[in-house]
**Q** 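Structure provided below as structure tokens; questions to follow.
Labels below follow one simple rule: chain letters A, B, ... track the order of the sequence lines, proteins then strands, and each chain is numbered from 1.
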There are 2 protein chains.
Amino acid sequence: MQNSLKNIFPNFSNELIETIEKNGTLQDFEAGTILMRTGQYIKNTALITKGKIKIYREGEDGGEFLLYYLQPGQACAISMICTVKSEKSQIMAKVVEDVSVMMIPLQSMDKWMMEHRSWYEFVIETYRSRFEEVLEVVDNIAFRSMDERLEFYLKRHSDACGCSEVNLSHQEIATELNTSREVVSRLLKKMEQRGLVKLNRNQIELLK
Amino acid sequence: MQNSLKNIFPNFSNELIETIEKNGTLQDFEAGTILMRTGQYIKNTALITKGKIKIYREGEDGGEFLLYYLQPGQACAISMICTVKSEKSQIMAKVVEDVSVMMIPLQSMDKWMMEHRSWYEFVIETYRSRFEEVLEVVDNIAFRSMDERLEFYLKRHSDACGCSEVNLSHQEIATELNTSREVVSRLLKKMEQRGLVKLNRNQIELLK
DNA sequence: ATTCTACAGTAACATTTATCACAGAAGATT
DNA sequence: AATCTTCTGTGATAAATGTTACTGTAGAAT
């Protein structure tokens with residue numbers, strides 16, 4: 001099978017793969033689905049096997065500040081952390097490209113840490129990489145101005161989708177950077193004048 | 001002994017305490033010491049048994065953006081994460097009140113996860129709480145304006161020291177919020193007019 | 001007491017970002 | 001084709017923040 005767990009999570013031991021297949025439940029969700037809302041209790045950890053998810057921090061006023069993407073072979077660090085303590089979610093997860101996720105129940109997540117070295121390493125690596133990503137987000141909003149943040153945002157998007165077109169409206173981008181549509185339009189126009197992007201309706205082509 | 005590890009880390013099992021005492025090294029550092037710089041390789045995890053440490057994210061231009069405080073009974077999540085993978089530090093740690101720390105070598109940190117349930121729980125809880133704190137930092141810089149961030153900063157400081165006086169110059173505060181001294185002075189003056197603080201030289205008294 | 005230095009206050013101005021207002025273009029709907 | 005809706009561009013203006021410049025003051029050093 002092409003999309004076997006072993007291909008997507010190559011570092012998992014064979015025994016771990018078997019255990020996951022026995023205890024996990026594979027679920028599909030369509031683009032647009034909200035997988036998790038701030039304040040909800042978390043009962044599962046999700047391993048992404050297909051598709052793409054965006055993780056947001058929600059503001060009181062309805063802001064949706066983008067933290068990072070989750071892709072096949074990854075898992076949500078925050079859900080892992082909260083799972084163990086059965087805490088409320090601190091974030092919002094939205095499916096942006098139809099996903100398949102392997103749902104791991106709380107107890108297994110915990111148990112496997114002791115039993116499977118490769119699971120332990122995966123969990124630690126997940127924490128590490130997500131922490132780093134959030135720190136990079138902090139850098140951006142703490143030290144950089146909106147034009148740099150916008151460039152970073154576009155770059156991250158194209159890295160995540162592996163393409164050079166961003167199919168989002170200015171309004172959507174503005175929401176995820178917690179600024180206004182006009183600011184995004186203006187900055188994009190300047191980027192176009194600098195030859196960095198080409199602007200179309202609902203699409204931004206990255207040129208460099 | 002008053003300040004025994006068991007008192008400071010009440011959730012650690014007795015065996016774990018013994019193991020720590022056997023394998024760890026207790027070290028003291030004076031206020032002002034930089035325990036760790038961005039980019040340094042990490043070879044130890046530090047359990048704080050006395051004093052106070054501030055964790056910063058360093059900007060390229062020399063900014064020192066405050067992430068959070070570490071206090072007795074806590075450990076640096078980032079050092080733990082990096083320790084396991086022997087990665088470079090993503091942060092800077094500065095002693096703000098003479099500390100004693102128990103240094104745990106890389107291998108032990110890793111080994112104990114499998115052997116000591118209470119260590120495992122401590123590590124997970126450390127990840128969780130630090131992640132949450134950093135997310136709160138993101139909230140502040142993403143969604144709030146400088147006056148709110150300043151209020152939050154002062155509150156956090158007084159929570160950390162358990163007192164209502166902040167013995168810092170406006171310049172120091174400005175650096176940790178990545179803004180300018182004048183802005184801090186202005187906002188503090190406004191807060192004083194609103195009756196929230198009383199301003200003295202090198203000291204801000206919180207009144208509410 | 002005098003001098004020096006770090007700290008604090010504040011005015012004036014520049015820059016960045018946010019908001020308001022409106023117009024035109026691209027698609028979708030009828 | 002006519003109408004509607006969404007998206008984009010842009011000017012005008014406001015508000016927040018950053019910068020420059022200067023002043024005064026408290027405490028340390030001489």
Side-chain angles (χ1 to χ4, degrees), chain A residues 32 59-66 138-154 157 165-207, chain B residues 32 59-66 138-154 157 165-207:
Chain A
E60 287 153 12
D61 54 345
E64 298 188 353
F65 193 86
L66 178 63
V138 170
D139 277 359
N140 276 298
I141 40 183
F143 297 123
R144 307 204 190 293
S145 49
M146 198 50 84
D147 53 351
E148 292 177 289
R149 288 173 54 196
L150 178 58
E151 284 190 43
F152 184 80
Y153 174 92
L154 295 174
H157 180 99
E165 289 89 39
V166 180
N167 296 302
L168 294 171
S169 71
H170 298 183
Q171 181 59 67
E172 288 174 292
I173 296 171
T175 303
E176 302 198 340
L177 288 169
N178 198 51
T179 181
S180 68
R181 200 261 319 158
E182 293 89 331
V183 171
V184 171
S185 289
R186 267 198 281 265
L187 293 175
L188 281 173
K189 211 61 197 165
K190 278 189 204 159
M191 287 179 70
E192 189 175 43
Q193 284 156 12
R194 287 195 291 149
L196 298 177
V197 294
K198 182 164 182 313
L199 301 179
N200 306 306
R201 190 187 173 87
N202 275 316
Q203 188 189 63
I204 299 156
E205 285 176 57
L206 304 185
L207 301 180
Chain B
E60 288 153 13
D61 54 344
E64 298 187 353
F65 193 85
L66 177 63
V138 170
D139 277 359
N140 276 298
I141 42 183
F143 298 122
R144 308 204 189 293
S145 49
M146 198 52 85
D147 52 351
E148 292 176 290
R149 288 174 52 196
L150 178 58
E151 284 189 44
F152 183 80
Y153 174 93
L154 296 174
H157 180 98
E165 289 89 38
V166 180
N167 296 302
L168 294 171
S169 71
H170 296 185
Q171 181 59 67
E172 289 174 291
I173 296 171
T175 303
E176 303 198 340
L177 289 169
N178 198 53
T179 181
S180 68
R181 200 258 320 157
E182 292 86 338
V183 171
V184 171
S185 289
R186 265 200 289 262
L187 294 176
L188 281 173
K189 211 63 197 163
K190 276 189 205 161
M191 285 179 70
E192 189 175 45
Q193 283 157 12
R194 286 195 291 150
L196 297 178
V197 295
K198 183 165 180 313
L199 301 179
N200 307 307
R201 190 187 173 84
N202 275 317
Q203 188 188 65
I204 299 156
E205 285 176 55
L206 304 185
L207 301 180

**Q** Got a donor-acceptor pair under 3.5 Å from the side chain of A:Glu182 to the base of C:dC20?
**A**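 It does, because a donor-acceptor pair links the side chain of A:Glu182 to the base of C:dC20 below 3.5 Å.
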**Q** Looking at the side chain of A:Ser185, which of D:dT8, D:dT6, C:dT10 is the nearest nucleotide?
**A**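 The closest nucleotide is D:dT8.
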**Q** Regarding B:Leu188, tell me which of base, sugar-phosphate or nothing describes its non-hydrogen contacts under 4.0 Å with the strands shown.
**A**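 Touches nothing.
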**Q** What's the closest nucleotide to the side chain of A:Val183 if the choices are D:dG18, C:dA26, C:dT17?
**A**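 That would be C:dT17.
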**Q** Atom CD of A:Gln171 to atom P of D:dT8: distance rounded to whole Å?
**A**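 Between P of D:dT8 and CD of A:Gln171: 9 Å.
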**Q** Would one find a side-chain N or O of A:Thr179 under 4.0 angstrom from OP1 or OP2 of C:dA18?
**A**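 Answer is yes, contact under 4.0 Å.
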**Q** Start with the C-alpha gap between B:Phe65 and B:Glu176, add the side-chain angles, then the distance that decides, and say whether side-chain contact (heavy atoms from CB on, under 4.5 Å) holds.
**A** CA-CA 5 Å; B:Phe65 193 85; B:Glu176 303 198 340; over 6 Å; no
**Q** Hey, does B:Ser169 reach any base, or is it just sugar-phosphate, or nothing, if we go heavy atoms under 4.0 Å?
**A**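 Counting heavy atoms under 4.0 Å across all strands, the contact made by B:Ser169 is with sugar-phosphate only.
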**Q** Is there a side-chain polar atom (N or O) of A:His170 under 4.0 Å from OP1 or OP2 of D:dG9?
**A**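 So the side-chain polar atoms of A:His170 do come within 4.0 Å of the phosphate oxygens OP1 or OP2 of D:dG9, strictly under.
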**Q** Closer than 3.5 angstrom, by distance alone: can the side chain of B:Gln203 be matched with the main-chain N or O of B:Asn200 as a donor-acceptor pair?
**A**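 Here the side-chain-to-backbone pair does not exist.
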**Q** Over how many whole Å does the gap from B:Ile204 atom CD1 to C:dA8 atom P extend?
**A**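 After rounding, the gap between these two atoms is 8 Å.
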**Q** Rounded to the nearest Å, what distance is computed from the CG atom of residue A:Leu150 to the P atom of nucleotide D:dT8?
**A**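 Whole-Å distance recorded here is 13 Å.
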**Q** Return the value, rounded to whole Å, for the distance between atom NZ of A:Lys190 and atom P of D:dG11.
**A**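 Computing the A:Lys190:NZ to D:dG11:P distance gives 12 Å.
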**Q** Is there a donor-acceptor pair under 3.5 Å between the side chain of B:Arg149 and the backbone N or O of B:Ile141?
**A**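 Between the backbone of B:Ile141 and the side chain of B:Arg149 there is no qualifying donor-acceptor contact (under 3.5 Å).
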**Q** Of B:Asn178 and A:Lys189, whose closest DNA chain D nucleotide lies nearer the 5' terminus?
**A**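 Nearer the 5' end of the strand: A:Lys189.
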**Q** Starting from C1' on C:dA6, measure out to CD on B:Gln203 and report it in whole angstrom.
**A**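 So the two atoms are 17 Å apart, to the nearest Å.
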**Q** Taking atom C1' of C:dT10 as reference, at what distance in whole Å does atom CG of B:Leu199 sit?
**A**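 Taking atom C1' of C:dT10 as the reference, CG of B:Leu199 is at 14 Å.
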**Q** A:Met191 and side chain to side chain contact (heavy atoms under 4.5 Å, CB included): which partner among A:Leu150, A:Leu199, A:Leu206, A:Leu207?
**A**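 Among the candidates, only A:Leu150 passes.
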**Q** Among the nucleotides C:dT16, D:dA26, D:dT20, which one has an atom lying closest to any side-chain atom of A:Ser145?
**A**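 Among the listed nucleotides, the one closest to the side chain of A:Ser145 is C:dT16.
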**Q** Is it true that A:Glu60 and B:Arg144 have a side-chain N and a carboxylate O under 4.0 angstrom from each other?
**A**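 Between B:Arg144 and A:Glu60 there is a salt bridge, with a charged N closer than 4.0 Å to a carboxylate O.
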**Q** If you check every side-chain atom of B:Arg186, which of C:dA8, D:dT10, C:dA12 has the closest atom?
**A**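 Selected nucleotide (nearest to the side chain): C:dA12.
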**Q** In whole angstroms, how far is the P atom of C:dT17 from the CG atom of A:Leu177?
**A**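 These atoms are roughly 11 Å apart.
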**Q** Starting at CZ of A:Arg149 and ending at P of C:dT16, how long is that distance when rounded to a whole Å?
**A**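 So the CZ-P distance, A:Arg149 to C:dT16, works out to 15 Å.
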**Q** Mind checking if B:Asp147 touches a base, just sugar-phosphate, or nothing, with heavy atoms under 4.0 Å?
**A**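 Answer is nothing: B:Asp147 stays at 4.0 Å or more from every strand.
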**Q** Mapping A:Arg181 and A:Met146 onto DNA chain C by nearest heavy atom, which one lands closer to the 5' end?
**A**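 The 5'-side residue here is A:Met146.
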